[in-house]
Protein chains: 2
Amino acid sequence: MNLQKLKARALSDPQVKAEYDNLEDEFKLINQLLSMRAQAGLTQEQLAKRMHTSKSNISRLERGNTNPSWATLVKYAHACGFELSLTPHKA
Amino acid sequence: MNLQKLKARALSDPQVKAEYDNLEDEFKLINQLLSMRAQAGLTQEQLAKRMHTSKSNISRLERGNTNPSWATLVKYAHACGFELSLTPHKA
DNA sequence: AACGAGGTTATCATAAACGACAACATGGAG
DNA sequence: CTCCATGTTGTCGTTTATGATAACCTCGTT
């Protein structure tokens, strides 16, 4: 019983699988955010100013303590000098 | 004074430009949603069931009468058989 | 050790998303 | 025209994102 099998067994539970997938998506999202800010070379505070909000809110976003709206994501991206596209791909 | 110039002049107003960009983003988003549902060959009601919600909410989403959260977009995509990626590209 | 920059956390108020349900619109099939 | 499937709109209650502010943590620098 190694880790791989433990993981496999856990993920065979639909409930667990659903939560895992949500985490996956959330991580991907957060990484995109961090990546954009890094490429822009901005601190949370600088980004916050450009988004007309405060740095604590940026932190919340990047910590995954919230479920950002599309508008918020677009604002974040714009503040970092990016446009955003939603790209669906076959599961 | 043709349409092109009128548009150009209007968009030179930062305020107007910002609103225009928001519309652009919203249209792109909605088109992605409609496209995914079309490819999945689902009615709003079928999609709603898969998302554990009601068809009126799907309509609201697709009419742009709301600012969907990332989680909602992901649920929508999954229900259509897609994964979602957020792809930033230089403005 | 003291300071400051960058990030985190807590809390509050307000606006908005979301789910549910009902009523209505629309357009195609018979 | 009548049905029916599909989509739209209105409204209500609940949950949650968002903005604001303040306090706190963590390092690196001096």
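A, B, ... follow the sequence lines: proteins, then strands. Residue 1 opens every chain.
- Between the A:Arg37 side chain and the A:Leu42 main chain, a donor and an acceptor come within less than 3.5 Å of each other.
- In this entry the distance linking CD1 of B:Ile30 with P of D:dT8 reads 11 Å, nearest Å.
- Looking at every heavy atom in both residues, B:Pro68 comes nearest to B:Thr66 through CD-O, 3.3 Å.
- Looking at heavy atoms from C-beta onward, A:Leu86 lies out of side-chain contact with B:Lys28 at the 4.5 angstrom threshold.
- Nearest heavy-atom pair across B:Met36 and A:Pro88 is SD-CB, 3.6 Å.
- Rounded to the nearest 0.5 Å, atoms CD (B:Glu83) and OG1 (A:Thr87) are 11.0 Å apart.
- Closest approach of A:Cys80 to A:Ala40, counting heavy atoms only: O-CB, 3.6 Å.
- We find that CG of B:Asn65 is positioned 11 Å from C1' of D:dG10, with the value rounded to whole Å.
- Listed in residue order, the members of residues 43-61 of chain A having a heavy atom less than 4.0 Å from DNA chain D are A:His52, A:Thr53, A:Ser54, A:Ser56, A:Asn57, A:Arg60.
- The 12-atom threshold is not exceeded at CD of A:Glu45, counting heavy atoms of other residues, nucleotides or ligands nearer than 6.0 Å.
- Residue B:Ser69 has no polar side-chain atom (N or O) positioned under 4.0 Å from OP1 or OP2 of D:dA17.
- Spacing between atom CD of A:Glu62 and atom P of D:dT18 amounts to 13 Å, rounded to whole angstrom units.
- Under the 3.5 Å distance criterion, with hydrogens and angles disregarded, no donor-acceptor pair is assigned to the side chains of B:Tyr76 and B:Gln32.
- Axis angle between the ends of the helix from C:dA1-D:dT30 to C:dG30-D:dC1, five pairs each and rounded to 10 degrees, works out to 40°.
- Looking at every heavy atom in both residues, B:Leu47 comes nearest to B:Ala79 through CD1-CB, 3.2 Å.
- Here the straight-line distance linking atom CE of A:Met51 with atom NZ of A:Lys49 works out to 14.0 Å at 0.5 Å rounding.
- When DNA chain C is scanned 5' to 3' for any atom under 4.0 Å from a heavy atom of chain A, the first and last hits are C:dG6 to C:dT11.
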